[in-house]
Protein chains: 2
Amino acid sequence: MNNHVTLKQLAKELGLSISTVSKALKNSYEINDKTILRVQALAKKHNYRPNRMALSLKNNQTKTIGVIIPNILNYFFSKVLLGIEDEANKNGYQIIICLSNNKYEKELQSLELLSDGSVDGFILSIARETQREKHHNHFNKIIKEGYPIVMFDRVSENVNCDKVVIDDFEATFNATNYLLKQGRKKIALISTVSNLDIGKQRTDGYTEALKKYQNYQNDAIVIPITDKSKYESTISDIFKEHKNIDAILTTNNVSAVTALKMAQLNGYKIPKDISVIGFSDDQISRLSHPKLSTIDQNAFEMGKKAVESLISRLAEKSTTAFKTQVVKTDLLVRETT
Amino acid sequence: MNNHVTLKQLAKELGLSISTVSKALKNSYEINDKTILRVQALAKKHNYRPNRMALSLKNNQTKTIGVIIPNILNYFFSKVLLGIEDEANKNGYQIIICLSNNKYEKELQSLELLSDGSVDGFILSIARETQREKHHNHFNKIIKEGYPIVMFDRVSENVNCDKVVIDDFEATFNATNYLLKQGRKKIALISTVSNLDIGKQRTDGYTEALKKYQNYQNDAIVIPITDKSKYESTISDIFKEHKNIDAILTTNNVSAVTALKMAQLNGYKIPKDISVIGFSDDQISRLSHPKLSTIDQNAFEMGKKAVESLISRLAEKSTTAFKTQVVKTDLLVRETT
DNA sequence: GTGAAAGCGCTAACAC
DNA sequence: GTGTTAGCGCTTTCAC
């Protein structure tokens, strides 16, 4: 129960009408200079600020963005959030956060919860479960209700909206190429996102690079891992099943670091005997020993772009075509390549 | 610009008055059963939901909690956020996030931004800069304006409000004791939070444990590190300056892992020659090699407790005494002790 | 130069 | 059983 000063109270204290006070605070030309000064002085004294709910109701806009994040413990998403918050604040927007925890039900619920006039639009990355089970009606429904959505990273081709993605294909394509140019002969890909759309693109980038490279002798080796508890055992098996692997590309850093550890336990020298490239410029990659080479997704910029995109969508009356922005990735060469 | 159905539109379509519709939706005993059915059917068809802003304005409560986080890239804070979001949702609350990025100005701004009727109260952890410079008036001002605050982890004794903390003293006290009982003779503490209140408590826990232990021969060794870029060099120096160190306790896992690495480079076997204990049950601690023993702050539970505390504060009329809840810590013994 | 009144969407006390 | 009215805090048009 906050005890804000309202226009009403100011008006009463000043012996003026509410509308005069309102205008005076806006330096309206209609109002006498002296009155303006009197009003503003009192407003300042009481630290008056217009009630946001009243403004929202009046203007039919909340200046608030709903953000739905699949997993806040993931460094990448945290960093996107940092970008979103920064850019939103710069534009006078607040952000309401919901966490889907990668569950479809929670995502759906969050969407419905916030589409009661709480926000002007959404920025979200699709929950793992949603993508696996190919749901998308809930998104389209929300859009039809008049809430624009901007999707980032994990997007759906079945939803017509603005998107911000990285070029997942190009990311692994370039990384694979880098390994090939270093003379690696047998490169494996560990995919922890094989059930996501981006997983397919990352796999394609890898296989395509191998295909295009002259004289590459081996088949593509793609090892999917879904169960977190099986990282160690699955990766350990790689070294048994595939002899002479001399490079490993991964889709996240937990698996990359695990691979690093397993390789070392198997007596490999890094990067002499085997190269490892992770995905995402997070703390783990900077703390491993040796320091992990990795693919930087420029998460902060993704967040920023998503906000820009949503705000310009909110600003316009007529619906211009939806666009998908691609944020470039960088290969960060550290000590494991 | 969302296009929600309003009571007005429903009323018009049904040829009823707004208030009848409103009551019908609430199954009011005043309204005829048939009317109720008609109204609810149409409401469902149009997916009617009361506008949140209108409700907030009417009820003078937003059912929204403002959350101010110092650093979202920190695993601990992300996990607290997870707990906050979960518990808030369970109670029908939304959360608006602001990130202080450990800056006083940003924290102040966030507080002012949200105290315009956007939220019912705040949950926050104090920015590093704010604590270092000992600001607290902004908190007290907000409280005076009628917004209850619940502080977690980094709290201020100069602000009279509900708090949720871990027993930082006990955490390091117990960890140090554990090392002593294992027969460690020369234990060092690396403190990355020496400019925070919790830093002092953690240091005290460590020194107190040493003092109480019979026959401990060495002085306390406390190494403060503030500059992130100097982790490696500072920690490396420890091994030069202090011979025979056989255990290191730290206040975060980045320094613990760095210590681990430096110890290994110096030829120490872990945990045979030297024990290392970190702080916080994050990914880093589980991925290091060997796996880091660490102090678990039960972050999720802190978030949950903070929400419970705020909600019960909001519910009551009379002001009961503020309380500080202490969440227990656990020593997670893994492979470095 | 100032104020009254309507309206954003909703609820609830009070008619009828 | 249904409708009218006032009011939450604000802006803005229209009177005076």
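Just so it is clear, the values below take in all heavy atoms, side chains as well, and ignore hydrogens, waters and symmetry mates. To find a chain, count down the sequence lines: A is the first, B the second, and so on, and within it residues start at 1.
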Presence of salt bridge, A:Lys141 and A:Glu145, under 4.0 angstrom: no
Show each protein N/O and nucleotides 12-16 of chain D N/O combination with a separation under 3.5 Å, one pair to a line.
from   : atom 1 : to      : atom 2 : distance (Å)
D:dT13 : O4     : A:Lys23 : NZ     : 3.4

Relative orientation of the end axes in the helix from C:dG1-D:dC16 to C:dC16-D:dG1, expressed as an angle to the nearest 10° (five pairs per end): 60°
Nearest-Å distance, [atom1] ([X]) to [atom2] ([N])?
{"X": "A:Asn51", "N": "D:dG7", "atom1": "CG", "atom2": "C1'", "answer": "14 Å"}
{"X": "B:Met53", "N": "D:dC10", "atom1": "CE", "atom2": "P", "answer": "15 Å"}
{"X": "A:His4", "N": "D:dC8", "atom1": "NE2", "atom2": "C1'", "answer": "15 Å"}
{"X": "B:Leu25", "N": "D:dT2", "atom1": "CG", "atom2": "C1'", "answer": "15 Å"}
{"X": "B:Leu7", "N": "D:dT4", "atom1": "CG", "atom2": "P", "answer": "15 Å"}

Covered region of DNA chain C, 5' end to 3' end, by chain A [heavy atoms, under 4.0 Å]: C:dG1 to C:dG9
Side-chain donor/acceptor of B:Lys106 to backbone N/O of B:Leu99, under 3.5 Å: yes
Any donor-acceptor pair under 3.5 Å from A:Ser125 side chain to A:Ile69 backbone: no
Interface with DNA chain C, restricted to residues 33-46 of chain B and to heavy atoms under 4.0 Å: none
Intermediate values then yes/no, side chain to side chain contact (heavy atoms under 4.5 Å, CB included), B:Glu107 and B:Ile126: CA-CA 8 Å; B:Glu107 179 179 275; B:Ile126 304 181; 4.1 Å; yes
Closest approach of [X] to [Y] (non-hydrogen atoms, all atoms of both residues):
{"X": "B:Glu308", "Y": "B:Glu87", "result": "CG-OE2, 3.7 Å"}
{"X": "B:Glu85", "Y": "B:Ile95", "result": "CG-CD1, 3.7 Å"}
{"X": "B:Leu114", "Y": "B:Gly66", "result": "CD1-CA, 3.9 Å"}

Aromatic ring pairing B:Tyr104/B:His135, orientation class (parallel under 30°, perpendicular over 60°, tilted between): parallel
Ring geometry between A:Tyr147 and B:His4 (parallel below 30°, tilted from 30 to 60°, perpendicular above 60°): perpendicular
Pairs flagged by side chain to side chain donor-acceptor pair (under 3.5 Å) wherever residues 32-41 of chain B is involved - sequence neighbours left out: B:Asn27-B:Gln40
Any B:Tyr29 side-chain nitrogen or oxygen under 4.0 Å from OP1 or OP2 of D:dT2: no
Touch class at under 4.0 angstrom, heavy-atom based, for A:Leu55 against every strand present: sugar-phosphate
A:Tyr93: partners by ring-ring contact (aromatic ring centres under 6.0 Å, His included), with sequence neighbours left out: none
Pair A:Ser56, B:Arg52: side-chain N/O donor-acceptor within cut-off below 3.5 Å: no
Check: B:His46/B:Glu13 side-chain N/O donor and acceptor closer than 3.5 Å: yes
Nearest-nucleotide comparison on DNA chain D, the residue closer to the 5′ end among B:Leu16 and B:Leu57: B:Leu16
